[in-house]
K.L.:
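Let me give you the structure first, and then I'll get to my questions.
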Protein chains: 2
Amino acid sequence: MQPKRNTWQREAVRASLAQARGFVSAQQLHQALRDGGSTIGLATVYRTLASLVETDEADTLQSPEGESLYRSCATKGHHHHLICRGCGDTVELSANLVEEWSQRVGAEHGFTEIDHVVDLFGLCARCRAKGDGAAA
Amino acid sequence: MQPKRNTWQREAVRASLAQARGFVSAQQLHQALRDGGSTIGLATVYRTLASLVETDEADTLQSPEGESLYRSCATKGHHHHLICRGCGDTVELSANLVEEWSQRVGAEHGFTEIDHVVDLFGLCARCRAKGDGAAA
DNA sequence: TTTCTAAATGAGAACGAGTCTCACTCTAGC
DNA sequence: GCTAGAGTGAGACTCGTTCTCATTTAGAAA
Ligand SMILES: [Mn+2]
Ligand SMILES: [Mn+2]
Ligand SMILES: [Zn+2]
Ligand SMILES: [Zn+2]
């Protein structure tokens, strides 16, 4: 359920999420806010993120490790992401090709109400230069 | 690290996983084995599944709820899945279209070591008939 | 076959992300 | 201003997963 009242906590989450370059976890966001002097509670961060997702003000996805990550995306409609494993930096992608493929393949096998998870992970140019993320 | 010894526990996990139609969780697998009279431990099920994934004897993916699911797939190489939300039944998919798109899009944005998560979820014909999964 | 050793196991403790509870706070409508 | 009740937050709780470590056992060596 989305909230009916405007609180500084809600605004703080929105702001902190907006200034993050890429996807962040609820815990990271909470820590960042606390580090910035806020007294916001973890439960509130979770609640607010959930409500932002509900109203499409934020996107969410599961990290490969199974943690929920959140992002305030510029693109409004349905889209996908290319995410840097090193720094979390994210590129928004539209993928009509994949949308159509998904629907077609689902229908071919008699499936309905088809949903899809499509995320790309890689190493951005900057992180490659820095040697992050991949070097053993 | 993959084990060097053959234990009945390892074989039991392999067998139980093989006879499962679709993706199953470690806990489900453990319960099924216990129900079948086995005394196998939960930690062993987790360890064995991890090692089967390491040797490509099993595929793994994160459920939308963030739980790790496992499957013993018929297809050997890289492929994707169309999974029924109702019964877990799974269709293996090859998707050259998506493989190429993924590489191309990644390269276009200067990313390297591109990996991708591509899973389709839907309702299979049988479950739709039964009214599973979607009806409120 | 018997012996030996370290790999493997499993019960239970520990961990961590996320949810829930409920007394307290503060927004916003009057 | 008052006030109802939406929103908050500390901390308890859930649950998937990993860790610990005493015990078992696969399998190589004798
Ligand atoms: Mn899509
Ligand atoms: Mn692929
Ligand atoms: Zn990067
Ligand atoms: Zn089904």
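Lettering follows sequence order; numbering is per chain, from 1.
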K.L.:
Answer with base, sugar-phosphate or nothing: what part of the nucleic acid does B/I40 contact at a heavy-atom distance below 4.0 Å?
P.N.:
sugar-phosphate
K.L.:
Tell me who clusters with B/F111, hydrophobic residues only, linked when side chains sit under 4.5 Å apart either directly or through other members.
P.N.:
A/L82, A/V91, A/L93, A/L97, A/V98, A/W101, A/V105, A/F111, A/I114, A/V118, A/L120, B/L82, B/V91, B/L93, B/L97, B/V98, B/W101, B/V105, B/I114, B/V118, B/L120
K.L.:
Find the distance B/E65:CD to D/dT17:P and express it as a whole number of Å.
P.N.:
12 Å
K.L.:
Check nucleotides 28-30 of chain D for protein N or O atoms closer than 3.5 Å to its own N or O atoms and list the pairs.
P.N.:
none

K.L.:
Of all residues at least two apart in sequence or in a different chain, which pass the salt bridge (Lys or Arg N to Asp or Glu O under 4.0 Å) check with B/R5?
P.N.:
none
K.L.:
Angle between the two end axes of the helix from C/dT1-D/dA30 to C/dC30-D/dG1, five base pairs per end, rounded to 10 degrees?
P.N.:
30°
K.L.:
Please enumerate all residues that pass salt bridge (Lys or Arg N to Asp or Glu O under 4.0 Å) together with B/E108, with sequence neighbours excluded.
P.N.:
B/R104
K.L.:
Quick one: how far along DNA chain C does chain A reach, first to last nucleotide 5' to 3', anything under 4.0 Å to a heavy atom?
P.N.:
C/dA17 to C/dA28
K.L.:
May I have the distance from B/R5 (atom CZ) to D/dT24 (atom P), rounded to whole angstrom?
P.N.:
15 Å
K.L.:
Output the rounded distance in Å from CH2 (B/W8) to P (D/dT25).
P.N.:
9 Å
K.L.:
Between residues 24-36 of chain A and DNA chain C, which residues have a heavy-atom gap below 4.0 Å?
P.N.:
A/Q27
K.L.:
Name all residues meeting the salt bridge (Lys or Arg N to Asp or Glu O under 4.0 Å) criterion together with A/E92; count only those two or more places apart in sequence or in a different chain, and write none if there are none.
P.N.:
A/R71
K.L.:
Taking side chain as C-beta onward, heavy atoms only, is A/L49 less than 4.5 Å from A/V53?
P.N.:
no
K.L.:
Evaluate the side-chain proximity of B/L42 to B/Q27: yes if any heavy-atom separation is below 4.5 Å, no if none is.
P.N.:
yes
K.L.:
Rounded to whole Å, how long is the line connecting atom CG of A/L42 with atom C1' of D/dA12?
P.N.:
13 Å
K.L.:
Taking 4.0 Å as the cut-off, does a side-chain nitrogen or oxygen of A/Q9 come that near to OP1 or OP2 on D/dG7?
P.N.:
no
K.L.:
Tell me every residue that passes ring pair (Phe, Tyr, Trp, His ring centres under 6.0 Å) with B/H109, counting only those two or more places apart in sequence or in another chain.
P.N.:
none
K.L.:
With ring pair (Phe, Tyr, Trp, His ring centres under 6.0 Å) as the rule and sequence neighbours excluded, what pairs involving residues 55-83 of chain A come up?
P.N.:
A/F23-A/H81, A/H78-A/H80, A/H78-A/H116, A/H79-A/H81, A/H80-A/H116
K.L.:
Using a strict heavy-atom distance below 4.0 Å, which residues from residues 44-56 of chain B are in contact with DNA chain C?
P.N.:
B/T44, B/R47
K.L.:
With DNA chain D as reference, determine whether B/K4 or B/A43 sits nearer its 5' end, using the nearest nucleotide of each.
P.N.:
B/A43
K.L.:
Mind checking what makes side-chain contact (heavy atoms from CB on, under 4.5 Å) contact with B/R10, not counting sequence neighbours?
P.N.:
B/P3, B/T7, B/R14, B/T48, B/S51, B/L52, B/E57
